[in-house]
Amino acid sequence: MENNDVKVRVEHLTKYFGSLHVLDDVSFDIKKGEFLCVVGPTGCGKTTFLNLLTRIYMPTKGDLYIDGEPADPKKHSISVVFQEPSSMPWLTVEKNLRFGLEIKKLPKDEINRRVENIIKLLGLEEFRNNYPHQLSVSTAQRIIIGRAFAMQPDLLLMDEPYGQMDIKLRFYLEDEVVRLWKETGTTVVFITHNIEEAVYLAQRVLILTNKPAKIKEEVMIDLPRPRDVTSPEFIAIRNHITEQIKWW
Ligand SMILES: Nc1ncnc2c1ncn2[C@@H]1O[C@H](COP(=O)(O)OP(=O)(O)OP(=O)(O)O)[C@@H](O)[C@H]1O
Ligand SMILES: [Mg+2]
């Protein structure tokens with residue numbers, strides 16, 4: 001009974017590292033084109049979940065399926081944006097954006113088209129011939145995000161990509177990721193410690209428990225965008241999620 005609307009199916013996912021029980025029989029679906037945020041206490045297994053999707057680790061029990069097939073990085077294109085800026089310092093902005101596409105051996109026309117599109121979307125025209133060290137942290141992170149979207153991945157995984165940034169940069173980049181998500185229709189899984197960020201971005205927020213992690217609750221968020229972080233509705237959802245986590 002394969003459902004065409006499902007991008008990722010997580011079935012009875014369980015992970016142990018030796019005797020350390022991290023994920024405990026977790027099951028949920030992610031819809032095609034969905035923007036899902038995952039929040040949970042430090043060390044509960046959020047990054048482990050992403051590493052299981054990309055097969056850096058294998059599940060102890062259960063499995064993850066993408067488009068109905070077991071997740072396979074050779075078959076499914078998955079882009080990951082980490083917390084640390086990870087552009088290649090010896091390449092210009094434009095070459096950083098081209099890099100993954102050239103590795104994939106896409107036709108030159110297609111590479112040009114995608115790179116120009118992302119440069120335009122992200123407003124990177126003036127930086128295209130600069131090297132990453134010549135850019136601010138936020139511009140460098142924009143390139144990472146742009147590179148991830150340029151791959152047109154089945155799935156975009158973001159692991160606290162804005163963790164180090166101040167609030168102004170975060171707001172700016174959050175709007176940017178929403179814009180790119182809308183523009184491309186990519187399925188996005190965004191992990192964050194920041195509950196306000198999750199409520200600002202997500203269509204749905206998954207709240208995990210302490211490890212061994214289970215899903216504590218899922219919260220649907222259908223507030224209009226751009227969201228007003230000071231509105232009573234926004235604050236009510238944010239407070240509710242905070243209550244569920246209690247990580248202090
Ligand atoms: N390769 C590994 N070997 C052994 N233990 C590991 C390994 N990777 C992660 N762990 C442990 O698994 C648990 C979950 O780690 P993980 O990095 O997934 O947590 P997290 O939810 O991403 O935490 P944070 O919020 O700090 O990013 C932690 O206790 C961590 O020490
Ligand atoms: Mg983590």
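As the structure lists them, so they are numbered: ligands from 1, and atoms in each ligand from 1.
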Practice item. State whether any protein heavy atom lies less than 4.0 Å from atom 30 (C) of ligand 1. Key: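 Protein heavy atoms within 4.0 Å of atom 30 (C) of ligand 1 - there are none.
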**Study point:** atom 10 (N) of ligand 1 within contact range, any protein heavy atom under 4.0 Å
**Key:** yes
Practice item. Show your reasoning for whether ring-ring contact (aromatic ring centres under 6.0 Å, His included) applies to Y172 and Y162. Key: CA-CA 10 Å; Y172 177 69; Y162 308 145; 9.9 Å; no
Can you report which non-hydrogen protein atom sits closest to [atom], along with the distance?
| atom | answer |
| --- | --- |
| atom 25 (O) of ligand 1 | K46 NZ, 2.8 Å |
| atom 15 (O) of ligand 1 | T48 OG1, 3.7 Å |
| atom 13 (C) of ligand 1 | G43 O, 3.5 Å |
| atom 3 (N) of ligand 1 | F17 CD2, 3.5 Å |
| atom 26 (O) of ligand 1 | T42 CG2, 3.3 Å |

Review point. Does K15 make a cation-pi contact with F17, if we ask for NZ or CZ under 6.0 Å from the ring centre and within 45° of the axis?
Key: yes
Check your understanding: Any sub-3.5 Å donor-acceptor pair from E34's side-chain atoms to K31's backbone N or O?
Key -> yes
Point to revise | Side chain, backbone, both or neither: the part of V22 lying under 4.0 Å from ligand 1 by heavy atom | key: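 For V22, only side-chain atoms sit under 4.0 Å from ligand 1.
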Practice item. Applying side-chain contact (heavy atoms from CB on, under 4.5 Å) between I66 and each of I30, L53, D72, report the one that passes. Key: L53
Exercise for review: Please say which of V22, L64, V26, L157 ends up in a side-chain contact (heavy atoms from CB on, under 4.5 Å) with F49.
Suggested key: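 Running side-chain contact (heavy atoms from CB on, under 4.5 Å) over V22, L64, V26, L157 with F49 returns exactly one hit, L64.
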Check your understanding: From the Mg ion (ligand 2) out to just under 2.8 Å, does an N/O/S atom of T48 turn up?
Key ->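 Under 2.8 Å: T48 has no N, O or S contact with the Mg ion (ligand 2).
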Check your understanding: Which ring pair (Phe, Tyr, Trp, His ring centres under 6.0 Å) pairs, counting each pair once, include a residue from residues 112-137, with sequence neighbours left out?
Key ->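 Those involving residues 112-137 do not exist here.
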Exercise for review: Take atom NZ of K104 as the centre, draw a 6.0 Å sphere, and report whether it contains more than 12 heavy atoms from other residues, nucleotides or ligands.
Suggested key: yes
Check your understanding: Nearest heavy atom to atom 22 (O) of ligand 1: which of T47, D159, L20 does it belong to?
Key ->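 Checking each option, the heavy atom nearest atom 22 (O) of ligand 1 is found in T47.
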**Study point:** G40 near ligand 1 by a heavy-atom separation under 4.0 Å
**Key:**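 Flag not set, G40 not near ligand 1.
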Point to revise | Y57 to ligand 1, any heavy atom closer than 4.0 Å | key: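 Heavy atoms of Y57 do come under 4.0 Å of ligand 1.
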Point to revise | R142: salt bridge (Lys or Arg N to Asp or Glu O under 4.0 Å) partners, not counting sequence neighbours | key: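 Here the qualifying residues are E176.
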